[in-house]
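Accompanying notes for the structure given below.
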There are 2 protein chains.
Amino acid sequence: MSNTIKEVAKLAGVSVSTVSRVINNSGYVGEKTRKKIVDAMDTLSFEPSSIARGLVSGKTSTIGLLLPDVSNPFFAEVARGTEEAAIESGFTVILCNSNWDLERERMYLNVLKGRAVEGVIVIGNRSAERDLIGAVSPLPCVFVDRKVSSDQSYIWIDHEKGASIATEKLLSIGCEHIAHVTGPRKSTSARSRLSGYLKTMKQSGMEPSVVPGNFRFAGGYEAAKALFLKDNPPDGIFAANDMMAIGIIQAANELGVSIPNDVSIVGYDDIDMAKCTSPALTTIRQPANEMGRAAFSLFKNRVSEMKIEFDARLVERKSTK
Amino acid sequence: MSNTIKEVAKLAGVSVSTVSRVINNSGYVGEKTRKKIVDAMDTLSFEPSSIARGLVSGKTSTIGLLLPDVSNPFFAEVARGTEEAAIESGFTVILCNSNWDLERERMYLNVLKGRAVEGVIVIGNRSAERDLIGAVSPLPCVFVDRKVSSDQSYIWIDHEKGASIATEKLLSIGCEHIAHVTGPRKSTSARSRLSGYLKTMKQSGMEPSVVPGNFRFAGGYEAAKALFLKDNPPDGIFAANDMMAIGIIQAANELGVSIPNDVSIVGYDDIDMAKCTSPALTTIRQPANEMGRAAFSLFKNRVSEMKIEFDARLVERKSTK
DNA sequence: TTGTAAGCGTTATCAT
DNA sequence: ATGATAACGCTTACAA
């Protein structure tokens with residue numbers, strides 16, 4: 001049962017401030033007194049109230065982590081990285097799933113502020129930049145997977161470049177009809193990938209073909225079914241993330257479309273599962289765990305205006321010729 | 001900018017107690033006054049400090065959710081359900097990934113207590129029951145996916161029965177050599193599934209064949225490779241969860257083992273992806289989201305000694321004859 | 001070396 | 001219908 005500092009003080013026959021000193025290891029405390037207090041704390045199994053402490057110090061050792069959907073393995077992995085780094089620094093993280101919903105994003109941001117988090121890490125959000133910054137201000141905010149123009153910090157990876165690499169790979173192996181299955185419209189990273197695809201296609205004078213997706217397995221699956229049933233099916237597909245790419249592979253297998261003979265597939269993320277699909281998925285690797293850890297360290301070190309950029313790179317496996 | 005109730009009071013030209021009344025919708029407040037105050041709160045975009053509230057009321061409206069691994073879709077979905085229900089009740093949840101690590105479980109439990117959560121929901125943990133209860137005591141604790149003998153509450157689903165149903169299905173279609181790929185040894189649900197499998201096999205006089213797994217895609221994949229390369233490969237496999245079943249399907253596809261002709265596969269969980277594998281996965285359905293919601297409601301209504309049991313049921317798809 | 005007392009932002013109990 | 005004011009459990013000058 002959690003007792004108060006007062007009861008400890010009484011039992012030890014000292015004042016609360018002395019007890020506070022031994023709790024925080026600050027100021028001078030006589031050896032005998034310290035021992036008496038420690039004993040008292042033990043017998044009462046005293047645990048200081050982090051609420052009261054938070055009220056006084058304004059510090060809660062808590063950060064908020066806002067992301068669209070933990071079920072997405074990429075986000076889950078970033079969250080893991082952040083959480084691991086946080087715990088190592090004595091912080092705890094409050095996890096919020098916005099579900100790609102603008103309203104919920106705003107709501108959560110308020111909840112977090114009310115909870116007096118010391119900072120917010122936002123991953124793959126949809127809100128307009130100024131809305132977001134306005135909403136969390138004056139808390140430090142680190143953006144992951146999104147470049148922001150102001151003096152905020154962010155962890156970034158060049159999706160446009162990654163998408164170009166993916167598209168170029170498909171081009172380089174001779175694909176002549178390359179389709180792109182997108183992520184949710186409001187996801188900035190999805191948009192960047194789309195734009196990288198579009199640019200690269202334009203540069204090489206190819207006709208783009210875009211199918212809307214949603215970053216989920218089922219989305220890729222549906223998109224692929226539609227694509228393969230067309231008169232002029234693609235011979236290359238760049239999916240905006242691995243989950244959809246895996247859905248595409250399943251659809252292809254079901255329809256008897258052979259990978260990579262009939263169609264080559266490139267995904268994005270390099271989630272665990274990508275190694276093990278059949279055929280194994282060629283994809284653009286994002287170091288998710290590291291990105292999460294980096295986000296926390298940016299927050300922790302109170303660096304503002306710091307931009308860490310990671311490199312997306314191609315991981316070639318068997319789903320491309 | 002997070003303002004205080006004082007500043008709102010000043011701006012509205014009233015006392016803090018009146019502001020407190022409109023915040024909490026308690027006591028009488030004149031219509032005009034209320035409007036002034038609401039306006040003031042808006043212009044300052046005031047958000048009450050839940051810390052200060054917590055200090056006064058002793059309530060933090062926060063619960064801890066301890067689970068082994070958010071990357072596991074089943075856990076992710078339970079977490080989603082819990083979080084949704086929590087938010088609807090004005091609670092926020094602190095999410096902790098134990099990574100199936102006993103040490104981390106204990107550590108997190110302490111962190112949560114220090115953070116003054118009002119209760120803890122524990123999913124699929126490994127710790128011994130009394131350790132766990134001792135560690136969170138005196139906080140209310142709801143166990144998900146685990147039956148506990150004491151007066152604690154739990155949400156449960158009969159894994160042994162589910163596993164029996166799965167095994168029986170395989171038996172009923174004439175499989176003669178049925179293997180089981182297990183979950184992590186220390187997972188109680190994995191153990192129950194194993195025991196259901198073992199029992200059913202024994203009842204029907206069949207020789208069991210158990211391969212260790214880990215609930216992850218790669219685990220199923222590896223196990224299947226080993227299994228299919230044996231002299232006497234199985235004609236039926238019951239995987240302790242869907243992620244592994246999907247890994248098994250991939251391995252089968254790669255090795256040219258035909259499903260369900262050469263081998264029938266049954267999974268466990270019925271995650272989203274199960275519908276879309278190729279062939280679609282026959283599996284035991286667990287209502288993950290509902291289980292998460294139920295867990296929160298058990299906590300919320302402060303019911304102790306309440307046991308909610310869900311039913312596992314077979315969802316037949318194409319991976320079984 | 002130790003104690004006293006003033007907050008931290010709320011809520012709740014009295015008055016008014 | 002509204003306002004003072006005393007808690008809540010702790011930290012932290014400032015005194016002693």
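Chain letters run A, B, ... following the sequence lines, proteins first, then strands; residues in each count from 1.
Bending across the helix from C/dT1-D/dA16 to C/dT16-D/dA1, expressed as the angle between its end axes from five pairs apiece, amounts to 40° (10° rounding).
Ring geometry, B/Trp100 versus B/Phe215: the interplanar angle falls from 30° to 60°, so the pair is classed tilted.
Of the possible polar contacts, none joining the A/Asp269 side chain to the A/Asn241 backbone as a donor-acceptor pair under 3.5 Å is found. Side chain of B/Thr43 to main chain of B/Ala40: a donor-acceptor pair is present (N/O by atom type, distance under 3.5 Å, no hydrogens or angles). A donor-acceptor contact shorter than 3.5 Å is absent between the side chain of B/Glu309 and the backbone of B/Trp156. Between the side chain of A/Thr33 and the backbone N or O of A/Val29, no donor-acceptor pair lies under 3.5 Å.
Nearest nucleotide to the side chain of A/Ser15, out of C/dG3, D/dT2, D/dT12: C/dG3.
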With 3.5 Å as the limit, what N/O pairs link the protein to nucleotides 5-9 of chain D?
residue: D/dC8; atom: O2; partner: B/Val56; partner atom: N; Å: 3.4

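For the pair A/Arg21 CZ and C/dT1 C1', the computed distance is 8 Å after rounding to whole Å. When rounded to the nearest whole Å, the span between NZ of B/Lys35 and C1' of D/dA1 equals 19 Å. What separates NZ of A/Lys59 from C1' of D/dC10 is a distance of 16 Å, to the nearest Å. Atom CG in A/Asn24 sits roughly 6 Å away from atom P in D/dT12 (whole-Å rounding).
Counting any heavy atom pair closer than 4.0 Å across all strands shown, A/Ser26 reaches no nucleic acid atom.
When all heavy atoms are compared, the tightest approach of B/Phe46 to B/Ile23 is CE2-CD1, 3.6 Å. In this structure, A/Val117 and A/Thr60 approach most closely via the heavy-atom pair CA-OG1, 3.9 Å.
There is no side-chain donor-acceptor pair under 3.5 Å between B/Ser192 and B/Ser189.
Regarding contacts with the backbone of C/dT1, every side-chain N or O of A/Thr33 stays at 4.0 angstrom or more from both OP1 and OP2.
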